[in-house]
Number of protein chains: 2
Amino acid sequence: MNADFRTRIENERFLVVPKASTKAQVIFVVEDDADILRLIQHHLKSAGFEVVGFPTSSGALEQAARQHPALFLLDIMLPGESGLDLCRRIRQNHKLEMTPVVFLTAKGEEADRVAGLELGADDYIVKPFSPRELIARIRAVLRRTQRPEKPAIIQIGELEINGEAMSISVGGAPVSTTPTEYRLLEYLASHAGRVFTRDQLLDAVWRDSHFVTLRSIDVFVRRLREKIEPDPEHPLYLKTVRGVGYRFERSAAGESASA
Amino acid sequence: MNADFRTRIENERFLVVPKASTKAQVIFVVEDDADILRLIQHHLKSAGFEVVGFPTSSGALEQAARQHPALFLLDIMLPGESGLDLCRRIRQNHKLEMTPVVFLTAKGEEADRVAGLELGADDYIVKPFSPRELIARIRAVLRRTQRPEKPAIIQIGELEINGEAMSISVGGAPVSTTPTEYRLLEYLASHAGRVFTRDQLLDAVWRDSHFVTLRSIDVFVRRLREKIEPDPEHPLYLKTVRGVGYRFERSAAGESASA
DNA sequence: CGCGACAGTGAAGATTCTGTGAAAAAGAGG
DNA sequence: CCTCTTTTTCACAGAATCTTCACTGTCGCG
């Protein structure tokens, strides 16, 4: 009856032959409270990040210059140099100035928060925070900052996705989509060639509201097919991967129906 | 939803007949109110999870160490050891420290919630909750926590297995496979050169359901041969090891099959 | 040279999964 | 408060896939 649940295909211990190894992103955390530090490390790790923790800001900058973390997570109140000061130094360092910074603030330190944002922080998280919020915000910041070269326009076959205008056209003819349709298509197209389970798509496209049935995705795929596929019954772009999920075909050259 | 009421939820484990080739994830629930516990069990089960319930925290940790649940769902207020304490012990246990914990809190226990989060809980659910929210949150936590291995590309001879796209091609020509065919081939290919008995293959590729005839594997091997072998009668890749099982030939360089 | 065990084959039945149409629910604007 | 758009759910039907089974062909060995 409810078959939705089992859409997960774990590649468990399938050995993997070298290819572009997906490097886990490194996050530097500076937090003096050992318990909280451990907590943060735990959550970030289980979210797939690599974490380097520091009890004080001393040494963090130097190591960062070598290791180039993807993001700094700084407590504002620190013994010795404060998080704000560290942030300032990060912003002045040529190699690190583009690295995003997220602040941790205790409830009520409104003033600090403002100061932090003025220093060029990318976000702030108020303690106590939920793990979900922590991960979500960090991912959001990374998403935002980490693609300087995100192509504004994706072109695959006849299909064109204009990220700036948030518009879509097929063979030159504009196609109107609803917001969610657009996000789904953009996500799949910008990761063309890769399979996504419905779970993953929910995570990526629906963001926070996970209160949606997995099957809803099928409906959006259908409607997108009706809009962009020459023949919705034999999709050129939006392929079904049975038992797994969906994939945007990378090379939508000219294959049509097959055996 | 034409589901019938089954009042004998707890007896169901005796009736279970394997249906899917996917492994049900086990969730440990600790909740002292028998009604609520039963309710939760019911909902989780119909969402496809396997559930083990405890009225108190005693014994839960020990059994968990053996059974490795995918997630803990803990009421905070418990007779005897509280959920918070249990969580603390979970986090200190080497084998279980990565296991996600979700708390159940009564409305208004804001303080508990904060404490829970600081202890490393991954989420909390406020009673009374809707079944949908319960499922959605648990799924969200599981999604976030257990991230699948990263795929890659395996190439042997003319054969190419793209783990990212979950697609297979021979000599550049794409070959469509069913999910199980794909898993079997990927498993064999990624352990090329090694012989596997049918039992081992069932274990690895079919996961839980050992309720499948060993001979079924022969059928899958046959169909894979038809798809990837130049000459299915004289396999280049998928070799039979008589009396034992199958092996994926490591060096399938030689093109010609027969004279 | 024949026997028994084991593997390959074809097809049929059972089961699961996705596509679809329609309708309810949730938002957005007036 | 009402109307229009978008999102989400639902139930069913048709496909695709899995599994079994009976039969045939092959291999190894005495």
Side-chain angles (χ1 to χ4, degrees), chain A residues 1-9 176-185 195-198 201-202 205-227 229 231-235 238-247 257-259, chain B residues 1-3 17-22 48 130-133 135-136 166 176-185 195-199 201-202 205-227 229 231-235 238-247:
Chain A
M1 73 187 33
N2 43 30
D4 282 348
F5 173 63
R6 50 181 76 109
T7 17
R8 65 188 73 258
I9 297 281
S176 80
T177 57
T178 68
T180 306
E181 283 170 12
Y182 178 86
R183 286 203 308 278
L184 177 59
L185 181 60
V195 201
F196 293 96
T197 65
R198 294 180 176 74
L201 291 174
L202 267 199
V205 177
W206 270 254
R207 304 283 166 78
D208 285 333
S209 59
H210 285 143
F211 301 78
V212 179
T213 303
L214 291 179
R215 292 301 306 281
S216 293
I217 292 174
D218 299 30
V219 180
F220 278 90
V221 169
R222 184 209 341 166
R223 285 201 291 252
L224 277 172
R225 279 175 177 159
E226 283 167 359
K227 291 183 179 183
E229 297 281 4
D231 177 5
E233 308 245 335
H234 303 108
L238 293 166
K239 303 277 195 182
T240 297
V241 182
R242 190 157 237 268
V244 182
Y246 295 98
R247 177 185 68 207
S258 54
Chain B
M1 180 103 69
N2 42 20
V17 172
K19 297 166 127 184
S21 54
T22 22
S130 76
R132 193 199 292 180
E133 183 181 356
I135 303 298
M166 295 201 40
S176 80
T177 57
T178 69
T180 306
E181 283 169 13
Y182 178 89
R183 288 203 307 276
L184 177 59
L185 181 61
V195 198
F196 293 95
T197 65
R198 294 182 175 73
D199 276 312
L201 291 175
L202 266 199
V205 178
W206 271 255
R207 307 286 160 67
D208 261 2
S209 41
H210 297 175
F211 308 89
V212 179
T213 305
L214 289 179
R215 294 302 306 282
S216 293
I217 292 175
D218 299 34
V219 180
F220 278 92
V221 169
R222 186 216 333 169
R223 286 201 286 250
L224 276 173
R225 280 174 177 160
E226 283 167 359
K227 290 184 177 181
E229 297 283 4
D231 177 4
E233 309 249 333
H234 302 100
L238 293 166
K239 304 279 195 183
T240 299
V241 181
R242 189 156 235 269
V244 184
Y246 295 98
R247 168 171 52 99

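In what follows, chains carry the letters A, B, and so on, assigned in the order in which the sequence lines appear, proteins first and then strands, with residues in each chain numbered from 1.
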Could you check whether [X] gets within reach of a base, just the sugar-phosphate, or nothing at all, counting any heavy atom under 4.0 Å?
{"X": "B:Tyr246", "value": "sugar-phosphate"}
{"X": "A:Val221", "value": "nothing"}
{"X": "B:Ser216", "value": "base"}

At less than 4.0 Å, is any side-chain N or O atom of B:Trp206 found next to OP1 or OP2 of D:dT19? Yes or no.
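Result: yes.
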Please tell me if B:Thr180 has a side-chain N or O lying less than 4.0 Å from either OP1 or OP2 of D:dT17.
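Result: no.
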Side chain of A:Arg223, base of C:dG19: donor and acceptor closer than 3.5 Å?
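Counting by modelled atom types and ignoring angles, no donor-acceptor contact under 3.5 Å is found here.
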Is any N or O donor-acceptor pair between the side chain of A:Arg215 and the base of D:dT9 shorter than 3.5 Å?
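Checked by distance alone, the answer is no.
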Side chain of [X] - closest among [options]:
{"X": "B:Thr240", "options": "C:dG8, D:dT26, D:dT8", "value": "C:dG8"}
{"X": "B:Thr178", "options": "C:dT9, D:dC18, D:dC27", "value": "D:dC18"}
{"X": "B:Arg242", "options": "C:dA7, D:dT20, C:dT18", "value": "C:dA7"}

From A:Leu224 CG over to A:Thr177 OG1, what is the distance, rounded to the nearest 0.5 angstrom?
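Reported value, rounded in 0.5 Å steps: 7.5 Å.
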Grab the [atom1]-[atom2] distance between [X] and [N] for me, whole Å please.
{"X": "A:Leu214", "N": "C:dG19", "atom1": "CG", "atom2": "P", "value": "14 Å"}
{"X": "B:Phe220", "N": "C:dA7", "atom1": "CZ", "atom2": "P", "value": "18 Å"}
{"X": "A:Ile217", "N": "D:dT7", "atom1": "CD1", "atom2": "P", "value": "13 Å"}
{"X": "B:Asp218", "N": "D:dT26", "atom1": "CG", "atom2": "P", "value": "16 Å"}
{"X": "B:Leu184", "N": "D:dT19", "atom1": "CG", "atom2": "C1'", "value": "15 Å"}
{"X": "B:Arg222", "N": "D:dT19", "atom1": "CZ", "atom2": "P", "value": "14 Å"}
{"X": "A:Arg183", "N": "D:dT8", "atom1": "CZ", "atom2": "C1'", "value": "14 Å"}
{"X": "B:Ile135", "N": "D:dT9", "atom1": "CD1", "atom2": "C1'", "value": "16 Å"}

With A:Tyr246, which of A:Val195, A:Thr197, A:Ile217 fulfils side chain to side chain contact (heavy atoms under 4.5 Å, CB included)?
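The side chain to side chain contact (heavy atoms under 4.5 Å, CB included) with A:Tyr246 is passed solely by A:Ile217 among A:Val195, A:Thr197, A:Ile217.
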Go through the steps for A:Trp206 and A:Thr180 under the test side chain to side chain contact (heavy atoms under 4.5 Å, CB included), then give the verdict.
CA-CA 8 Å; A:Trp206 270 254; A:Thr180 306; 3.6 Å; yes
Above 12 or not: heavy atoms from other molecules or residues under 6.0 Å from CD of B:Glu226?
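Result for CD/B:Glu226: enclosed.
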Could you check whether any side-chain heavy atom of A:Arg225 comes within less than 4.5 Å of a side-chain heavy atom of A:Thr240, counting everything from C-beta outward?
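Contact flag for A:Arg225/A:Thr240 side chains = yes.
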